[in-house]
Q: 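Before anything else, here's the structure in question.
Quick caveat, the model's predicted, so the values are computed rather than measured.
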Amino acid sequence: MEIIRSQRRPSKVDDVVSTLPLYRSAPPLQVRLEDFELFAIDRLRVLKGISDGLSRGKKPDEMEKLVIDLWKANMRHPQASEFVNKDIISHFVLRLVYCRTEDLRKWFLSMETALFRHRFRLETPEAQRVLLSEFDHPYKAVSHAEFESVKEKLGQVARSIGQSLPSADAIYFKVPFEEVPELVAGRRVFLQKGHAYVAMNQVVSLVVTQFRSHLSKALVLTNRKWTSTIREQEKERLTPIVEALSTSYLGPDYSQPREFVEISIKDIDQVANSSFPLCMRHLFEKLREDHHLKHGGRMQLGLFLKGVGLKLDDALAFWKAEFSQKVGSERFDKEYAYSIRHNYGKEGKRTDYTPYSCQKIISSTPGVGDHHGCPYRHFSEENLRAALGKMGVGNRAMEDVMDKVRNRHYQLACTLTFEAVHGTSCDAGINHPNQYFSDSQKILHPKVDPAR
Amino acid sequence: MTMEEVDSGRDAMEIDGCEPEGQEKMRENAVPDGFNANYLKVYYGKLFPHSDLFKWMSYGNDGKHPACDQSYIGRREFSFTLADDIYLRFQSFNSVHEMENSIKEKCPFKIDIGPVYSVDPTKRHAYAQSGDNVFTPVERELVFDIDITDYDDVRYCCSGADVCLDCWPLMTVAIKVIDTALRDDFGFNHILWVYSGRRGVHCWVCDGRARRLSNEQRAAIADYFRVYKGNENSQKKVSLVGPALHPFLVRSYTEVLKDFFEEKLLPGQKLFSTEERYKKILEIIPDESITSELRGKWQENRRSSISKEDINAIRWEQLKHILQSGKQKAQGLRRCVEEIVFSYTYPRLDMEVSKHMNHLLKAPFCVHPKTGRVCVPIDPKSCEEFDPTSVPTLSKLLEELNMGGFRADADDEWERTSLGKSVKFFRLSFLQPLLKSCKEEIESAYNAKLQLSKNSLSW
């Protein structure tokens, strides 16, 4: 069992020391029970802050600042020497909390990876190189001769992503393209015969991929250990703490509509007009117009309607009424009914799918013939103005919304739209279409009787 | 299921130098166009290359080497679409005879190929959804699907399911761009391009490295290829920013797209001939003063005399000249020329097909129900010569079989039909090199293992 210090190589030069742990193995430390919970809660505040930042569409440099602030605010310790311990302990405690279902694992993995990515980028290049060497697959720098042979292409890539040309002594790493999917996807590396040439400042991508893959496997193992031994062993002590920690911090996911504003098919047009956010209005309108939607649109709108309270039978009737006008009711039953039932968890592996959040919708990429995605992001200015005008957004509000769009604050644009349409303020900000809907309904029908 | 009349070239045949007899023989052998179970039965009985397909899917695991994985082929999913849209998923086979008999017996209208799973798909219910013993895809070719209907906004000769020799070259261009990138950038070697039977092409990348890619890595490759990001609601669908373009885009532009646009698409589709058409191009230019200048020029030009030179070429030159002249300081404007070319010619892939391992894709050598055409391989090295309108149809092949008369040995009947060329190409250019490489992989992995165990035994 390693002690913490060996997680970084003992270096002779004191300042090339990284305080960024890789969380390779659980530390054999004694932890006070109170610290167990407190450290975890502090770290959870950081992760939740990151999650909020991401759903508000913050750009990378804003996120970096956010991470610094969150870390400073929450991860301090009265004894400076205990900083690293708190970091490591809180991480491992949260592993226990977030290993238990696939959704929890996915969330934790995303947030910890984001946190690691930003902290890594803040390290000095020397510290980064030290960290690089601690991974399982140490990366080798490209030889000078090879660098010369591809220098021109490397320069083209650098300029294409708005960076300066590589200097003569620039360091590049040659890695299999499989290891840097993000860089490949963004065309931010030169590829040749299956190898990617990764610049020093892109190394974060390599490291993050490895970090994520390692943590992902570790979480599955942790879950196994949890279910087989720990949960039972600790049922008087740690288990209740662990179980409480997860439910208190994830925002509502709208998979079970809580305030039962049950909508029926006859109300749907009116409710769409008054309370749907623009993304869903657009899909709804297109569906009425074309009597068809492609897969992305069916998922986004279908799950939204589920979250809004449309029951499975009504959903089937609704989609059938539209689609049968284009493809016939037989084809609807054959080809489309199954997937609607699937969305409600009645087929296949019976997952009850959750309606998409703004973050997910904003990051989707509608293609030819698609109508899903976030209109604030994908519509041209002209089309967006027209659509908002139809919603009743006045001139001044329109300009504010457009300003947000130009600065790529899509959720803020939607929030302003909400405020303009309903004549009230929305302090919490919109980060989920179902939130938009339920907030809207709350304003329009203040006395909502829960159906159950 | 009816089909449009296809001219099967009855006029030119001469058999035994005796015209009238030949014509009569042709009429005897003539097979009316169509797609039905009876035709398919003959097709699957005599022409469909069962053993080639099986060998391909086995990837060298034919049991001849001790390191062969005997379970491999049985873990591959096939799915059959039968008449009346009955859909059979999770079919699997342990031998070529099993597969061949199943196909001949069920006579599927369409055969799809899915991934290789962790266990035999027919036994999937015995396995959990999560945890250790999971039923999940473990290998799958990297695939691409390009459909010409995604180009409907840039082709005026056809729309929807139609395809002609004026717009088909868009597919040719897509093949060239993607094929080159798959080989030069990603280092893949075993790539099969297949005509989808009606209006597009499929690509199967079969290297081991490709088959083992995760969904995330597939998505990354699909995004690497993504340039066109639009639909009817967005104005600008191609956005090429930055002081330089990525080498992949540069190569595609200079080696394929630019010339194709200027020499084929521009005149073929008459992109500047009417206001409606050139309006779409002008929309890509963000500068009002330039677009109004051009618009003005062209509107008055309409009535002037028709010069010898093609009006489309002239107007394109005028547009390029304005955008690329020294006067233009704004980087973005010079780039408009490339953006226009990319908008019109760059491949438009169906992202979803490539991103997921469990996506089913139609098998090569199937027959398309609506056109009767066989899904034949396309040689990327000579893809400009591929003509979708002359791909053999089911009825034509049956006719050819009839002409040959009855043969007792049913083995290589495809050889004397127009399918022969395609099967030969499949074997020589794709299957053989692939199997050779698979064998090498199996052997070297085996030897490496032996070496390891030997080392660990050393005292």
Q: For P176(A), is it the side chain, the backbone, both or neither that has a heavy atom under 4.5 Å from a heavy atom of chain B?
A: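 The answer is both parts of P176(A).
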
Q: Could you check which of I161(A), V157(A), N223(A), V184(A) has the highest count of heavy-atom pairs closer than 4.5 Å to chain B?
A: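 Highest number of heavy-atom pairs under 4.5 Å: V184(A).
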
Q: If you count heavy-atom pairs under 4.5 Å with chain B, which of V189(A), L183(A), V180(A) comes out on top?
A: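 Between V189(A), L183(A), V180(A), the count favours V189(A).
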
Q: Sort by residue number and list every residue of residues 207-216 of chain B having at least one heavy atom under 4.5 Å from chain A.
A: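 Those residues of residues 207-216 of chain B which have a heavy atom under 4.5 Å from chain A are R209(B), L213(B), E216(B).
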
Q: Looking at K390(A) and E285(A), does any basic side-chain N land under 4.0 Å from a carboxylate oxygen?
A: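 A salt bridge is present here (some side-chain N lies under 4.0 Å from a carboxylate O).
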
Q: Between E289(A) and K286(A), is there a side-chain N and carboxylate O pair less than 4.0 Å apart?
A: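 Yes, charged N to carboxylate O under 4.0 Å.
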
Q: According to ring pair (Phe, Tyr, Trp, His ring centres under 6.0 Å), who are the partners of F190(A), at least two apart in sequence or on a separate chain?
A: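 Result, ring pair (Phe, Tyr, Trp, His ring centres under 6.0 Å) vs F190(A): Y197(A).
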
Q: Would Y117(B) and E77(B) count as a side-chain hydrogen bond (donor to acceptor under 3.5 Å, both in side chains) here? Give the steps.
A: CA-CA 7 Å; Y117(B) 284 94; E77(B) 177 188 1; 3.2 Å; yes

Q: If you count heavy-atom pairs within less than 4.5 Å of chain A, which of L245(B), D350(B), D150(B) leads?
A: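 Of the candidates given, the most pairs with chain A belong to L245(B).
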
Q: Identify which part of K334(A) has an atom lying under 4.5 Å from any heavy atom of chain B, answering side chain, backbone, both or neither.
A: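 Contact with chain B is through the side chain of K334(A) alone.
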
Q: Do NZ/NE/NH1/NH2 and the carboxylate oxygens of E112(A) and R212(A) come within less than 4.0 Å?
A: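 Salt bridge between E112(A) and R212(A), a charged N being under 4.0 Å from a carboxylate O: no.
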
Q: Tell me, for L182(B) versus chain A, whether the close heavy atoms (under 4.5 Å) come from the side chain, the backbone, both or neither.
A: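 L182(B) has no heavy atom closer than 4.5 Å to chain A.
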
Q: State whether the number of non-hydrogen atoms from other residues, nucleotides or ligands found under 6.0 Å of K225(A) atom NZ is greater than 12.
A: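 No, the 6.0 Å shell around NZ holds no more than 12 heavy atoms from other groups.
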
Q: Could you pull out the closest heavy-atom pair between S79(B) and R89(B), with the gap in Å?
A: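 Taking every non-hydrogen atom into account, CB-CA, 3.9 Å.
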
Q: I need the single residue from R117(A), R187(A), R188(A) that forms a salt bridge (Lys or Arg N to Asp or Glu O under 4.0 Å) with E182(A). Which is it?
A: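 Of the listed residues R117(A), R187(A), R188(A), the salt bridge (Lys or Arg N to Asp or Glu O under 4.0 Å) partner of E182(A) is R117(A).
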
Q: Given that the side chain runs from C-beta out, which part of Y87(B) has a heavy atom under 4.5 Å from chain A: side chain, backbone, both or neither?
A: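 Neither part.
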
Q: Take E102(A) and K106(A), measure what salt bridge (Lys or Arg N to Asp or Glu O under 4.0 Å) needs, and give me the verdict at the end.
A: CA-CA 6 Å; E102(A) 196 173 315; K106(A) 218 165 130 182; over 6 Å; no

